[in-house]
Structures are given as structure tokens and as C-alpha cells.
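Have a look at the structure below before the remarks.
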Amino acid sequence: MFSFRSALLNGTVVAALACGVIGCRAYQAFAAEQATFDPPPALARTDFPAWPYPSGVPDDEKEEGKLFTVPGSKQAFTFTQINKQRTTIDWFPERHPTPPPPVIAGKEGAYNACGQCHLIDGGGKPDTSDLRGLPVEYMMQQLADMRDDDRHASINGAPLAKMVAIAKALPLDDARQASEYFHSIKPVKRLRIVEGNVVPVTHPAAHAVQKVDPSGATEPIGTRIIEVPQSFARTLLRDPSSGFIAYVPAGSIRKGKALVTSGGGGRTLPCASCHGQDMRGSGAEFPSIAGRSPTAMARQLYDFKSGSRNGKNAVAMKPVVARLTDADIVNVSAYLASLDP
């Protein structure tokens with residue numbers, strides 16, 4: 001199995017999960033003219049595992065004039081409205097505050113709507129980030145870190161490179177509007193955890209979503225977490241009410257709890273000292289890390305470990321991740337994902 005593997009990790013867990021924080025694929029029409037925002041060569045890793053950095057394939061769906069719907073919504077949208085415009089769609093406008101223009105409309109020639117990648121309620125997907133309820137100043141700091149080249153992914157070609165381009169193009173007022181909106185939305189659990197030793201075989205699909213092989217084939221889980229949509233079709237329609245299933249190794253939640261709550265006998269630091277006893281965050285600098293995507297969580301731990309995530313508050317995470325193994329990162333991420341957000 002292909003892997004990119006680790007060097008310096010330890011784990012309390014991520015003083016900030018916002019994998020991409022606010023924005024989306026701003027580079028689209030003019031991507032070819034943009035500078036690369038992959039990590040600096042000295043920080044790029046080829047020894048990290050691949051699973052925290054989901055890859056995808058081009059969306060080859062064609063517009064046929066069909067109107068798509070999702071359960072519980074009165075709305076109907078075409079494929080172009082869902083996937084081929086700067087703006088994004090809102091299946092359930094009655095379930096959240098009115099999105100500000102940066103979230104639902106984007107800005108012509110600058111960036112696409114934040115809701116395209118992070119979804120209209122900020123819940124995101126494993127390849128992006130769950131922004132719901134995060135502190136405003138925390139999100140603003142992540143954007144500043146990206147803008148100042150203090151935050152990158154650890155591997156080349158990761159989705160965060162696109163977010164760095166967006167952060168550099170995003171006006172501060174737009175960033176604050178989006179941050180305040182996502183902060184106002186209370187996170188709810190839409191993740192189901194399954195512990196075991198085997199997982200469905202999966203393949204990269206559109207939107208960096210991992211698709212379960214239709215044959216029903218399985219394989220050993222190894223030292224990985226595999227996260228797939230509960231409904232592949234609804235996820236591709238950007239339905240924020242459709243959740244994910246995270247397959248984690250047997251025993252990983254119990255092992256992760258020991259690391260998170262007590263430091264695992266000195267291997268790391270207890271997460272509660274910064275993120276609170278319930279892991280739901282503390283103040284403006286330490287976000288909630290409970291009940292979020294374990295794929296996104298592991299990615300942050302690896303990025304802290306590589307040094308590619310090196311912004312204002314990253315220093316607090318350095319001793320946390322310094323001695324974590326790949327198995328530790330799986331266990332920590334599994335336990336945190338099992339908590340209520």
C-alpha cells in the first residue's frame with residue numbers, strides 16, 4: 001500500500017483542525033496561472049501514510065438538465081448548479097442562519113463560495129475541514145498563517161495547497177464574515193465509528209470522496225482509518241445532512257483514550273490542558289477537537305509533526321506530536337472522533 005510516512009509526531013491533538021478553513025477552490029479558472037502552494041521542498045514528505053490525505057479523480061458527470069433532490073429538502077438543483085459554478089447551493093436554508101456572500105456566492109475572479117468545499121453549514125468532508133463552532137479568531141489566524149506561508153500540507157498535491165491560494169486572495173472582511181457565520185453553527189454528530197480488523201476496499205472518486213468497491217471486497221485495515229460517505233450519491237450532491245462512516249482498527253478507541261487523557265505514560269501530553277476536559281475547545285486559540293473527522297484530525301497531527309504547519313500557535317503542538325507513532329496518530333484520531341462534538 002502506498003504511503004508517505006512520518007517523522008516527528010506526538011499527539012494531544014490538533015490545536016486546530018481547520019484543514020482548509022474558510023474558502024474553497026478559488027483557484028479554479030485561473031489555477032494554471034497560480035504559483036504552486038505545495039510545501040517548501042525542505043518540508044515536503046514522502047514517508048507519511050497516504051490515508052490522511054484523500055485523493056480524488058475528475059468529476060466526469062455531464063449536465064443533462066436533470067433536477068436532483070435529497071431527502072427532507074424542498075429544493076431541486078441541476079448538476080451545473082451543484083458543481084460547475086462559483087456559487088454553491090443550499091439544500092436546507094431553514095436549518096441555519098442566512099449565509100453571507102463569501103459562503104454561498106464567492107467572488108468573481110477571486111474565489112469560489114466557501115460552501116462548495118466546506119458545505120453550506122461548514123461541516124466539510126474528510127479532505128477539507130469541519131468549521132462549525134470554531135472560534136472566529138482561530139479561523140482568522142489559520143487564514144493568516146496560510147497567507148503568510150506559515151501553513152502548508154506535508155505532501156505535494158494535497159487539497160490544502162488550494163486553500164493557501166484562497167487565503168492569499170481572500171479579503172479580510174470576507175474572511176471575517178465567513179468565520180463569524182461558521183462559528184454561529186453548532187456542530188452536530190454526523191459520523192459513525194466502526195471498529196474492526198477489515199474494511200471495505202475503496203477507490204478515489206470525485207470531490208476526493210472515497211468510494212466503496214461495489215463488489216463488496218474487503219481488506220485488512222492495518223494502521224489506517226478509512227472514512228467513507230454514508231450515502232455516496234448524496235455526498236456528491238453536497239448534502240450537508242448526509243454523514244460519514246469511519247472504520248478504525250479494533251481497540252484503537254481505547255488506546256487513543258489513554259493517550260488523550262493521560263499522555264500515554266509520557267509519550268505525549270494530555271489534550272485537556274489546552275482543549276478542555278471535554279475536548280470541545282478552550283478560548284480563542286484552542287478549538288474543539290471532539291467528534292470531528294478522524295482523517296482531517298490525523299492530517300493536522302502529521303502537518304504539525306513535519307513542520308509544514310508552523311503558524312502562530314503551532315509551537316504548543318510541537319511537544320505533543322514529537323514522539324507519536326503512526327499507530328498513536330490512528331488511535332488518538334479514532335478516540336477523538338468517537339466523542340460528541
Side-chain angles (χ1 to χ4, degrees), residues 4-19 45 47-49 51-52 129-130 133-135 138 141-142 145 151 154 187 189 191 193 195 221-225 227 246-341:
F4 297 98
R5 212 177 164 89
S6 154
L8 246 143
L9 233 232
N10 169 5
T12 200
V13 87
V14 71
L17 191 150
C19 150
R45 304 300 294 263
D47 57 339
F48 280 175
W51 67 267
S129 184
D130 185 348
L134 294 179
Y138 168 76
Q141 183 61 54
Q142 299 314 302
D145 290 346
R151 183 174 175 184
S154 297
K189 192 149 193 173
L191 179 67
I193 308 293
E195 280 193 282
I221 192 169
T223 309
R224 298 181 297 164
I225 293 174
E227 201 166 349
Y247 293 93
V248 305
S252 60
I253 293 175
R254 173 182 54 80
K255 295 173 185 175
K257 182 177 181 179
L259 288 164
V260 168
T261 58
S262 68
R267 185 174 298 178
T268 184
L269 302 174
C271 301
S273 56
C274 293
H275 293 281
Q277 290 295 330
D278 57 5
M279 305 299 140
R280 293 177 184 167
S282 175
E285 295 184 346
F286 300 103
S288 170
I289 53 176
R292 314 241 169 189
S293 162
T295 304
M297 181 63 65
R299 186 164 61 247
Q300 304 318 306
L301 294 172
Y302 278 110
D303 289 351
F304 281 121
K305 180 173 181 176
S306 72
S308 63
R309 183 167 178 173
N310 197 34
K312 177 182 175 183
N313 298 315
V315 65
M317 285 298 297
K318 302 297 184 182
V320 170
V321 300
R323 292 192 291 170
L324 290 184
T325 65
D326 288 345
D328 291 337
I329 292 173
V330 165
N331 295 339
V332 165
S333 301
Y335 171 68
L336 290 169
S338 75
L339 302 176
D340 290 330

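- Within the 4.5 Å cutoff, no side-chain heavy atoms of I193 are placed close to those of Y335.
- Looking at M297 and D130, their side chains never come closer than 4.5 Å, going by heavy atoms from C-beta outward.
- Minimum heavy-atom separation, C271 to I289: CB-CD1, 4.4 Å.
- Heavy-atom minimum distance, L191 versus A246: CD1-CB, 3.9 Å.
- Residues A290 and D278 share a closest heavy-atom pair of CB-O, 3.9 Å.
- Separation of atoms CD (Q142) and CD (Q300) is listed at 8.0 Å; rounding is to 0.5 Å.
- Residues D303 and S306 have side chains that never bring a donor and an acceptor to within less than 3.5 angstrom of each other.
- Counting only distance, with no hydrogens or angles, the side chain of K257 and the backbone of N331 share no donor-acceptor pair below 3.5 Å.
- Taking OG of S333 as the reference point, atom CZ of R224 lies at 14.5 Å (rounded to 0.5 Å).
- Taking every heavy atom of both residues into account, F286 and C274 meet most closely at CB-O, 3.3 Å.
- Of all heavy-atom pairs spanning I225 and W51, the tightest one is O-CE3, 3.4 Å.
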| message | The test is side-chain contact (heavy atoms from CB on, under 4.5 Å); show your working for R151 and K312 and say whether it passes. | response | CA-CA 10 Å; R151 183 174 175 184; K312 177 182 175 183; over 6 Å; no

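- Looking at residues two or more places apart in sequence or on another chain, you find a side-chain contact (heavy atoms from CB on, under 4.5 Å) between E195 and V248, S252, I253.
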| side-chain contact (heavy atoms from CB on, under 4.5 Å) assessment of T268 paired with D328 | CA-CA 10 Å; T268 184; D328 291 337; over 6 Å; no

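- Taking CG from L339 and CE from M279, the interatomic distance works out to 7.5 Å, rounded to the nearest 0.5 Å.
- Nearest heavy-atom pair, G307 versus K318, reported as atom, atom and distance to 0.1 Å: CA-NZ, 3.7 Å.
- Counting only distance, with no hydrogens or angles, the side chain of H275 and the backbone of R280 share no donor-acceptor pair below 3.5 Å.
- The closest side-chain heavy-atom distance from D326 to P49 is below 4.5 Å.
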| query | Can you check side-chain contact (heavy atoms from CB on, under 4.5 Å) on K255 and L259, steps first, answer last? | reply | CA-CA 7 Å; K255 295 173 185 175; L259 288 164; 5.7 Å; no

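- A 4.5 Å side-chain heavy-atom check between P187 and R292 finds at least one atom pair inside the cut-off.
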